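Working notes for the structure below.
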Amino acid sequence: MLPKKQLSGAQKRKKRKHDDQLAESQKGALHKFFVSSSTVDVNEVQGQESDHGQQEHDHNLNVEDEVNEDGPMDDRVRQENLHPSSNHENSNGAELDGSGLPIYDPRTWDNLDNSKRDILIEKGPVRELNLVFPKDAIGRHFSYAYYSRDLTNGESVDRKWLVYCKHGDKVYCFCCKLFKSNKSKSFLASDGVRDWQRLSRKLREHESSVEHLTNMNTWNEVRLRLSKNRTIDDDMQREISNEKERWRQVLVRIVSAVKFLTKHNLAFRGSNEKLYQDNNGNFLGTVEMIAEFDPVMQEHIRRIKSKEIHNHYLGHNIQNELISLLAGAVKNYILKIVKDAKYFSVILDCTPDASHEEQMTLIVRCVNMSSGIPRVEEFFLGFLKVDDTSGLGLFEVLIDTLQKLDLNVADVRGQGYDNGSNMKGHTKGVQNHLLQINPKALYMPCACHSLNLTLCDMAKSCRQAISFFGVIQRIYALFARSTKRWKVLLDNVPKLTIKPLSNTRWEIRIKSVQPIRYQTPQIRSALQKVEEVCTDDPSAVSDAQALVGTLENFEFIVGMVIWHDVLFTINMVSKKLQSKIVCMDATLKQIEGVISYFRKYRVEGFDSSIEVAKAIAADMDIEPKFPTKRQSKRKKQFDETSDEEIQLSAMESFRVNYFIVIVDTAIASLTSRFEQLKTFEKKFFSHDNSSDVDLDDFFSELKVLQVTLPDGFMSAPDILQFVTTVDCYPNVSIAYRILLTVPVTVASAERSFSKLKLLRNCLRTTMLQERLNGLAMCSIEKDILDNIDLDTIINDFASRNARRSFIVKD
């Protein structure tokens with residue numbers, strides 16, 4: 001008969017019972033040989049392994065594989081959770097177990113994890129002195145005499161292993177309680193002993209037993225190893241520590257690559273995301289370049305290519321996360337400065353981007369007091385996508401954003417916008433809506449925009465002015481329409497290049513006039529050369545001939561000199577006002593200075609311009625003479641007198657109808673557009689109970705300050721720094737902080753638009769708003785980004801996902 005292929009039911013039950021008994025007998029046997037430093041038990045480790053099995057894995061990244069998003073390291077790093085915990089003490093300084101009981105209480109030793117066992121093994125048992133021991137039913141109790149053993153020769157030996165539990169009124173053996181086996185039958189190693197009548201005999205029997213001596217040796221050996229940090233898992237811990245440090249070094253290089261690309265406004269991704277392939281983007285290209293010189297990144301890529309690791313933190317989702325972390329750190333730093341400063345102003349401006357979406361930039365201006373030296377600073381807080389560009393719509397977006405940033409609207413002390421009606425409107429503009437909820441948020445129109453509008457008014461003030469800028473644009477258009485003609489221009493005009501006009505660019509008018517003003521003979525030569533070489537283009541030849549005739553007109557030359565003087569003066573003022581540290585008093589002085597210049601120029605400027613024009617005409621071999629026009633005679637009516645009309649000369653007519661008109665227009669436009677600045681002083685301090693300063697104390701402090709200030713001219717920032725150093729003029733300090741907080745230009749908003757054009761260009765129109773704001777924050781505030789601690793970024797990155805816990809720095 002053939003033997004049975006399977007065991008019978010009885011045999012299976014017998015075998016299972018035998019296996020269970022064997023497994024039960026082996027419980028705890030491992031503690032005799034080594035002690036683990038785990039902070040989690042076996043069930044927790046198994047749970048983590050099962051959870052890890054459920055986590056998603058990215059594709060392998062090699063020469064032809066795509067970049068992964070996230071994940072842990074190899075199997076060795078999963079053991080990082082076995083590191084000992086460094087927090088063993090409660091708020092009172094006594095170590096507690098998981099139930100809240102002191103770990104020195106023997107009742108808790110059966111449920112201790114390995115980290116707390118390590119503490120007990122290193123420190124040993126704790127004996128409390130001056131205890132009053134309770135008596136049992138027959139009047140016996142524990143005594144301190146039991147802690148020592150009297151030998152036959154009269155010597156006394158300390159029983160260091162004996163532990164008394166005052167909560168249970170029992171004694172235990174320290175080493176046997178910690179290192180006992182399942183076969184142990186001693187009550188000193190399990191439930192404790194309370195038989196005081198027979199305690200002396202039981203102690204003598206226990207301390208001479210083989211089990212107790214074995215456990216004593218185990219205790220001493222493990223304690224010695226722990227003191228020297230040479231436990232049985234020391235090599236494993238060292239390997240895990242090295243692997244952890246290697247991953248941190250890899251992340252430092254990845255974060256640095258992200259910082260480099262964001263600071264320089266470069267795109268991250270290409271058409272594919274594979275290492276060492278064409279068009280894989282700037283990020284992977286930077287990683288490849290680092291790997292050529294850096295051994296850490298070389299090893300990282302080697303592991304990726306050899307498929308030793310499946311997760312490597314090079315994917316586009318990881319890039320977005322790191323960009324968000326860097327931008328968040330910069331924003332938190334800015335918000336802390338703004339909140340510490342208390343008072344701040346908002347600067348808004350709108351523009352459409354390459355994806356045809358309206359973007360509103362938000363800039364805050366405050367006085368940074370964090371370093372002890374007050375500094376006026378303007379910070380970028382983000383681009384806000386707006387659908388409703390009305391005053392109410394923009395206002396609602398602004399209020400929602402301030403609430404999300406936890407900035408108090410009541411602390412706003414200034415508003416800075418351009419001269420658009422939806423911004424500055426007295427009824428429906430943003431400034432009016434904000435003034436209704438915060439009357440202290442004073443609105444200041446942008447001084448640079450106002451200067452540009454003044455130029456627009458001057459350029460349209462008379463027919464000759466309109467014709468002058470038309471000629472400037474025609475000269476540029478003639479050369480720019482053809483590469484051949486542009487080469488002719490460069491051959492004849494080697495220095496300054498002509499530029500086109502624009503109604504919005506603040507400097508473009510002076511940049512357009514300046515090349516012609518200082519290179520008029522050379523430009524005429526270039527036009528004459530165009531007449532010679534462009535015989536196949538009649539239109540170009542005709543335009544060149546007409547422009548040569550215009551440049552040889554003395555009236556045009558005089559107008560060119562006048563416009564250059566005017567534009568140069570206004571451009572100098574505009575440049576000074578574009579500085580972030582410019583304040584209200586400096587703006588008033590600059591505007592008053594330019595108005596005084598025009599009043600003086602109205603009297604003396606014409607004659608000086610004539611002299612300069614004559615010098616240019618002499619270089620061009622042109623007669624310095626205004627063209628004489630035929631005087632038209634008007635038919636008189638029958639009732640008019642026969643008095644002769646006053647006939648002006650050609651030069652005088654030019655002065656009255658051209659020079660005087662544009663100068664008077666400049667003076668009138670500057671006076672009207674900057675009139676609000678002069679009324680600022682009346683609105684600065686309110687006499688109600690909500691004033692930021694105590695007016696009586698404020699005027700008293702000003703009287704004393706006027707005497708104590710150093711001799712010589714001091715600007716508002718200098719006075720605030722002096723007041724801050726002296727620290728005895730609180731109301732003056734508040735007043736100057738508010739004064740410096742009020743913006744006078746929106747130049748910072750215009751600069752942010754320059755970054756917007758670089759970030760969201762025609763090739764990156766699908767970029768999400770969150771990523772756009774992150775890149776813009778890192779690019780615009782790159783000085784703050786350079787001071788961000790990378791360890792903080794890496795720790796924040798690790799804390800977002802439990803699988804990255806091995807990266808956290810101890």
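Remember, predicted model here, so these are calculated numbers, not experimental data. Each residue takes its place number in the sequence, starting with 1.
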Inset, instruction - Apply salt bridge (Lys or Arg N to Asp or Glu O under 4.0 Å) to Lys576 and list each qualifying residue two or more places apart in sequence or on a separate chain. - result: none

Inset, instruction - For Ser733 and Tyr729, indicate whether the former's side chain and the latter's backbone hold a donor-acceptor pair under 3.5 Å. - result: no

Inset, instruction - Check salt bridge (Lys or Arg N to Asp or Glu O under 4.0 Å) between Arg269 and all other residues, then give those that pass, not counting sequence neighbours. - result: Glu273

Legend entry - Donor-acceptor under 3.5 Å (Asn571 side chain, Glu507 main chain): no

Legend entry - Proximity of Phe283 and His316 rings by center, below 6.0 Å: no

Legend entry - Atom of Leu496, atom of Gln519 and distance for their closest heavy-atom approach: O-NE2, 3.0 Å

Inset, instruction - Tell me yes or no: between the side chains of Thr361 and Ser752, is some donor less than 3.5 Å from an acceptor? - result: yes

Inset, instruction - To the nearest 0.5 angstrom, please state how far the OH atom of Tyr658 sits from the OG atom of Ser467. - result: 8.0 Å

Legend entry - Atom pair CE (Met360) and CD (Glu358), whose distance is rounded to the nearest 0.5 Å: 9.5 Å

Legend entry - Donor-acceptor contact below 3.5 Å, side chain Asn282 vs main chain Ala267: yes

Inset, instruction - Please answer whether the main-chain N or O of Ser355 pairs with a side-chain N or O of Thr765 as donor and acceptor at a distance below 3.5 Å. - result: no

Inset, instruction - Any salt bridge (Lys or Arg N to Asp or Glu O under 4.0 Å) involving residues 723-737? Give me the pairs, sequence neighbours left out, ordered by first then second residue. - result: none

Inset, instruction - Mark yes or no for whether Thr725, through its side chain, and Gln721, through its backbone, hold a donor-acceptor pair below 3.5 Å. - result: yes

Inset, instruction - Output every pair passing salt bridge (Lys or Arg N to Asp or Glu O under 4.0 Å) with a member in residues 446-469, not counting sequence neighbours, ordered by first then second residue. - result: Asp457-Arg673

Legend entry - Close side-chain approach of Val364 to Ile347, heavy-atom, < 4.5 Å: no

Legend entry - Met572 side chain reached by Phe568 side chain, heavy atoms, under 4.5 Å: yes

Legend entry - Residue from Ile472, Val513, Ile475 passing side chain to side chain contact (heavy atoms under 4.5 Å, CB included) with Ile498: Ile475

Inset, instruction - Taking atom CZ of Phe722 as the centre, report whether more than 12 heavy atoms of other residues, nucleotides or ligands fall under 6.0 Å from it. - result: yes

Inset, instruction - To the nearest 0.5 Å, tell me how far Met767 CE sits from Gln769 CD. - result: 10.0 Å

Inset, instruction - Identify, with sequence neighbours excluded, every residue that meets side-chain hydrogen bond (donor to acceptor under 3.5 Å, both in side chains) alongside Thr745. - result: none

Legend entry - Residue pair Cys366, Ile337: steps toward the side-chain contact (heavy atoms from CB on, under 4.5 Å) verdict: CA-CA 8 Å; Cys366 66; Ile337 292 178; 4.2 Å; yes

Legend entry - Separation between CD1 of Ile591 and OG1 of Thr454, rounded to the nearest 0.5 Å: 8.0 Å

Could you give the side-chain donor-acceptor pairs of residues 255-264 under 3.5 Å, partners two or more places apart or in another chain?
unit_1, atom_1, unit_2, atom_2, d
Ser256, OG, Val252, O, 2.8
Thr262, OG1, Val258, O, 3.0
Thr262, OG1, Lys259, O, 2.9
Lys263, NZ, Asp786, OD1, 2.8
His264, ND1, Phe260, O, 2.9

Legend entry - Partner residues of Phe753 under the ring pair (Phe, Tyr, Trp, His ring centres under 6.0 Å) criterion, sequence neighbours left out: none

Legend entry - Sequence-distant partners of Phe395, ring pair (Phe, Tyr, Trp, His ring centres under 6.0 Å), two or more places apart: His433

Legend entry - Heavy-atom side-chain proximity of Gln706 to Leu702 below 4.5 angstrom: no

Inset, instruction - Search all heavy atoms of Ile662 against all heavy atoms of Cys462 and return the closest pair with its distance. - result: CG2-SG, 4.2 Å

Legend entry - Atom of Val330, atom of Glu781 and distance for their closest heavy-atom approach: CG1-CB, 3.8 Å

Legend entry - More than 12 heavy atoms of other groups within 6.0 Å of Leu709 CG: yes

Legend entry - Euclidean distance, Lys440 NZ relative to Leu434 CG, rounded to 0.5 Å: 13.5 Å

Legend entry - Minimum heavy-atom distance between Pro500 and Ser512, given as atom pair plus value: O-OG, 3.1 Å

Legend entry - Thr708 (side chain) donor-acceptor with Leu705 (main chain) under 3.5 angstrom: yes

Legend entry - Flag, side chain of Asn438 to backbone of Val409, donor-acceptor distance under 3.5 Å: yes

Inset, instruction - Provide the closest heavy-atom pair for Cys778 versus Ala327 in the form atom of the first, atom of the second, distance. - result: SG-N, 3.8 Å

Inset, instruction - Kindly check if the number of other-residue, nucleotide or ligand heavy atoms within 6.0 Å of CD1 (Ile660) is above 12? - result: yes

Legend entry - Donor + acceptor pair across side chains of Glu592, Ser596 (<3.5 Å): no

Inset, instruction - Report the C-alpha separation of Phe598 and Ile570 in whole Å, then their side-chain angles, then the decisive distance to 0.1 Å, and conclude whether the side-chain contact (heavy atoms from CB on, under 4.5 Å) test is met. - result: CA-CA 10 Å; Phe598 277 120; Ile570 293 183; 3.9 Å; yes

Legend entry - Nearest-0.5 Å distance, CG of residue Asn265 to NZ of residue Lys757: 14.0 Å

Legend entry - ring pair (Phe, Tyr, Trp, His ring centres under 6.0 Å) involving Tyr597 - partner list, sequence neighbours excluded: Tyr601

Legend entry - Heavy-atom check, side chain of Met777 versus side chain of Phe380, under 4.5 Å: yes

Legend entry - Nearest atoms (heavy-atom pairs only) where Asn731 meets Asp694: OD1-N, 3.1 Å

Legend entry - Flag side-chain contact, heavy atom, 4.5 Å: Ile363 against Phe379: no

Inset, instruction - May I ask you to test the Gln514-Lys499 pair for a side-chain heavy-atom distance under 4.5 Å? - result: no

Legend entry - Short side-chain to backbone donor-acceptor contact, Ser324 and Asn320, under 3.5 Å: no

Legend entry - Side-chain (Glu321) to main-chain (Asn317) donor-acceptor, under 3.5 angstrom: no

Inset, instruction - Return each pair, listed once, that meets salt bridge (Lys or Arg N to Asp or Glu O under 4.0 Å) where at least one residue sits in residues 327-347; pairs must be two or more places apart or across chains. - result: Lys336-Asp340, Lys339-Asp406, Lys342-Asp411

Legend entry - Side-chain heavy-atom pair Val744, Cys583 within 4.5 angstrom cut-off: no

Legend entry - Student check: side-chain heavy atoms of Tyr518 and Lys495 closer than 4.5 Å: no

Inset, instruction - Tell me, yes or no, whether the heavy-atom count around Gln473 atom CD, taken from other residues, nucleotides or ligands under 6.0 Å, exceeds 12. - result: yes

Legend entry - Which residues share a ring pair (Phe, Tyr, Trp, His ring centres under 6.0 Å) with Tyr417, sequence neighbours left out: Tyr443

Legend entry - Sequence neighbours excluded - salt bridge (Lys or Arg N to Asp or Glu O under 4.0 Å) pairs with any residue from residues 371-400: Glu357-Lys385, Arg365-Glu378, Arg375-Glu377

Legend entry - Test item: Gln359 side-chain N/O and Asp353 main-chain N/O as donor-acceptor pair under 3.5 Å: no

